[in-house]
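Reading through the structure tokens given below for one structure.
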2 protein chains.
Amino acid sequence: MTATDTNGTLSKSQQAYSWIRERINSGAFVPGFRLVLGSIAKELGVSVVPVREAIRRLEAEGLVTFERNVGAQVAMLDDSAYSATMQALGIVEGAATMLSAPFITAADIAAARLVNAQMIESLEHFEPRRFTELNREFHSVLFERCPNDQLLDLVHRGWNQMNVLRDSTFSFVPGRARASVDEHEHILKLIEDGADSLEIEMAARAHRTRTLDAFAAYQADRKRSPAQR
Amino acid sequence: MTATDTNGTLSKSQQAYSWIRERINSGAFVPGFRLVLGSIAKELGVSVVPVREAIRRLEAEGLVTFERNVGAQVAMLDDSAYSATMQALGIVEGAATMLSAPFITAADIAAARLVNAQMIESLEHFEPRRFTELNREFHSVLFERCPNDQLLDLVHRGWNQMNVLRDSTFSFVPGRARASVDEHEHILKLIEDGADSLEIEMAARAHRTRTLDAFAAYQADRKRSPAQR
DNA sequence: AGCAGAGAGATTGTATATTATTTGAGATAC
DNA sequence: GTATCTCAAATAATATACAATCTCTCTGCT
């Protein structure tokens, strides 16, 4: 019964939601792109109401901004918002990792190491998108077993918000990639050794803090010489 | 009320949103209450679409649950969801307090102490709702100066979700109230003394953890003797 | 060059039809 | 006689089409 309700009959608003979300995530709708209700409705072959509802939902998730009587556009995080999101994600994700730790199996760790190895490989021919994918896959192992659904939800939200603007910023420090991979291994080791929960949490958080610092440095550098990117 | 500031022209969906939200917060719409689109629309004198949008927004905030072709009802957190929310809130709020600490002024601390004193007073003639109000007011001082808006938003979300079900659960441990007030003072003192940021964070988090423990104990007790409450 | 007004385009809201779910009555089987 | 299954009617959500309101832009006049 619940199996069949999600199958063929998918509510049009949900359909619209998935459709738009897909485009945002794939980068077809870049940050700042204006989402016109009528156009989307016509393209999807539905009315404007479901589209509107879908957009409202995306707004609540922070993927879309909405202005009264003006319309919606794909969220565009400026540098400061990006930093804030990253910091918040670090806090939430660190806690989720800490809570997950007792439930992470040896198999999980092995899988994570495999992903990490792929990340190292991918450094040869660096492709930002692929690296980001792998990165998310790795981190998933760290927090997916978190027994607190509420917290886990916050983590997912944070990741999604980061994804919104990744095209414009994720390649900001190629030099950071290598260090990132090493930190991954460090965190894995802590979990494997059954380290103190606070230590695990802070290691996971620091992993983001360092990215944040690298970003700030890059940002300052970019300001100094805006020409050569 | 902040009611008439941006209004004059207040979008009907926003109007509906505020109206429903008000009722939920005031307890007029108790957890589990069924929100029928048509009825609300008629009572507000608007069409069903704005109401629907308002409810979708409340759903995104976690205050309302929505089921396809069935309808909406005020969210009802069971014990486990309540615990999870509380734990997540503790984590997020603890971090927010930690980040706020450097910006908290002597005046802020004085104000917080005043609120705390009122909480002690209110213990004489204990009124759960008043106590909850004061509690939120106190905690606001601790995290409102948080420079990270994203994180602050998560804190607010958490508090609102707690509010949804407070009527049914907040009076669960009157004995906890006194300890809570003492912990408040402890946190204030740490901030005042410029304690280590991690120490502040963990003190703030522990404040919630203890409430959580008390709740678990109460829960177990209730299971043992469900008759006498 | 700068301001005013008209018009196009997009959002917001209403009325209405459609679709899905639930509920209750009646009939049949045990 | 009770229980269960089926079918129909009511109820409520979902989607469409239409109307009205607002915003932004482009053009023309001073």
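Letters A, B, ... mirror the listed sequences (proteins, then strands); counts begin at 1.
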**Asked** At under 4.0 Å between heavy atoms, what does A/V70 touch on the DNA or RNA strands: base, sugar-phosphate, or nothing?
**Response**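 Touches sugar-phosphate only.
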
**Asked** Base, sugar-phosphate, or nothing for B/L35, non-hydrogen atoms under 4.0 angstrom?
**Response** sugar-phosphate

What integer distance in Å separates [X]:[atom1] from [N]:[atom2]?
{"X": "A/Y17", "N": "D/dT14", "atom1": "OH", "atom2": "P", "value": "16 Å"}
{"X": "B/F66", "N": "C/dT21", "atom1": "CZ", "atom2": "C1'", "value": "14 Å"}
{"X": "A/E53", "N": "C/dG13", "atom1": "CD", "atom2": "C1'", "value": "15 Å"}
{"X": "A/L37", "N": "C/dG9", "atom1": "CG", "atom2": "C1'", "value": "12 Å"}
{"X": "B/K42", "N": "D/dA12", "atom1": "NZ", "atom2": "P", "value": "9 Å"}
{"X": "B/I55", "N": "D/dT14", "atom1": "CD1", "atom2": "C1'", "value": "14 Å"}
{"X": "A/L44", "N": "D/dT14", "atom1": "CG", "atom2": "C1'", "value": "16 Å"}
{"X": "B/E67", "N": "D/dA13", "atom1": "CD", "atom2": "C1'", "value": "12 Å"}

**Message:** Closest-nucleotide mapping onto DNA chain D: is A/V46 or B/V36 further toward the 5' terminus? I mean the 5' end.
**Reply:**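 Closer to the 5' end of DNA chain D: B/V36.
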
**Prompt:** DNA chain D: A/V49 or B/A72, which has the more 5' nearest nucleotide?
**Reply:** B/A72

Under 3.5 Å, is there a donor-acceptor pair between the [X] and [Y] side chains?
{"X": "B/Q150", "Y": "A/Y82", "value": "no"}
{"X": "B/Y17", "Y": "B/E61", "value": "yes"}
{"X": "B/T132", "Y": "B/N135", "value": "no"}
{"X": "B/Q161", "Y": "B/H156", "value": "no"}

**Message:** Checking contacts here: which listed nucleotide (D/dA15, D/dT14, C/dT11) is nearest the side-chain heavy atoms of A/S13?
**Reply:** D/dA15

Return no unless some side-chain N or O of [X] is found under 4.0 Å from OP1 or OP2 of [N].
{"X": "A/S47", "N": "D/dT14", "value": "no"}
{"X": "A/K12", "N": "C/dT19", "value": "no"}
{"X": "B/R52", "N": "D/dA15", "value": "yes"}

**Request:** On the 0 to 90° scale, with breaks at 30° and 60°, tag the B/H139-B/H207 ring pair as parallel, tilted or perpendicular.
**Result:** parallel

**Asked** Between A/S39 and B/N69, which has a closest nucleotide on DNA chain C that is more 5'?
**Response** A/S39

